[in-house]
Amino acid sequence: MEEVLVYEKPCDTGNDTADGARVILFNDEVHSFDEVIHQLIKATQCSLEKAKKFAETVHRSGKCEVYHGAVEDCLHVSAVLEEIHLKTTVDFS
């Protein structure tokens with residue numbers, strides 16, 4: 001079974017995540033590990049170790065859930081990742 005790494009915000013946003021979403025990051029052959037790691041930290045405020053795990057999972061599996069939470073937060077995280085043209089999707093299901 002594939003391990004899914006999920007970053008959860010460390011503080012309570014006051015939003016009910018039952019109506020939330022998730023951000024999926026896809027692998028590409030354009031960006032270096034360092035670029036992806038830097039952008040993940042910028043987008044999600046996760047630790048360096050967590051960003052490295054996300055990047056490795058994306059590289060190995062082709063995609064990885066890198067964030068879940070309120071729809072607005074997911075859209076923001078996705079937008080930050082896409083600043084450097086990383087490929088993402090926001091899943092509202």
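Start at 1 with the first residue, then count along the sequence.
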Identify the two heavy atoms, one from Ala51 and one from Leu40, that lie closest to each other, and give their separation to 0.1 Å.
O-CD1, 3.7 Å
With a 4.5 Å limit on heavy-atom distance, are the side chains of Val30 and His85 in contact?
no
Can you list everything that forms a ring pair (Phe, Tyr, Trp, His ring centres under 6.0 Å) with His76? Sequence neighbours excluded, please.
none
Nearest heavy-atom contact between Ile41 and Ser47 is CG1-O, 4.2 Å
Check Val90 against Ala21 and note the closest heavy-atom contact, atom names and distance.
CG1-CB, 3.8 Å
For salt bridge (charged side-chain N to carboxylate O under 4.0 Å, His left out), just list the numbers for Lys42 and Glu83, CA-CA rounded to whole Å, side-chain angles, deciding distance to a tenth of an Å, and then say yes or no.
CA-CA 11 Å; Lys42 181 179 175 183; Glu83 286 175 350; 2.8 Å; yes
For Ala55 and Val36, which heavy atoms make the closest approach, and how far apart are they?
CB-CG1, 4.2 Å
Let me confirm one number: the CG-CG distance from Leu86 to Asn27, rounded to the nearest 0.5 Å.
10.0 Å
Taking every heavy atom of Ile37 against every heavy atom of Lys52, the minimum-distance pair comes out as CD1-CG, 3.7 Å
Using side-chain heavy atoms (C-beta onward) and a distance below 4.5 Å, is Ile24 in contact with Val66?
no
Atom pair SG/CD of Cys64 and Glu56 - distance to nearest 0.5 Å:
10.5 Å
Could you check whether any side-chain heavy atom of Phe54 comes within less than 4.5 Å of a side-chain heavy atom of Leu25, counting everything from C-beta outward?
no
Set of residues satisfying salt bridge (Lys or Arg N to Asp or Glu O under 4.0 Å) with respect to Asp91, sequence neighbours excluded
Arg22
Please confirm whether the backbone N or O of Asp28 pairs with a side-chain atom of His59, one donor and one acceptor, at under 3.5 Å?
no
Please name all residues satisfying ring pair (Phe, Tyr, Trp, His ring centres under 6.0 Å) with Phe26, sequence neighbours left out, ordered by chain then number.
none
Atom pair OG1/CD of Thr88 and Glu82 - distance to nearest 0.5 Å:
3.5 Å
NZ-OG1 distance between Lys50 and Thr44, expressed to the nearest 0.5 angstrom
9.5 Å
Approximate separation, where rounding is to 0.5 Å, of Ile84 CD1 and His31 NE2
4.0 Å
I'd like to know if the side chain of Glu65 and the backbone of Val23 have a donor-acceptor N/O pair within less than 3.5 Å.
no
What distance do Tyr67 atom OH and Gln45 atom CD have between them, rounded to the nearest 0.5 Å?
8.0 Å
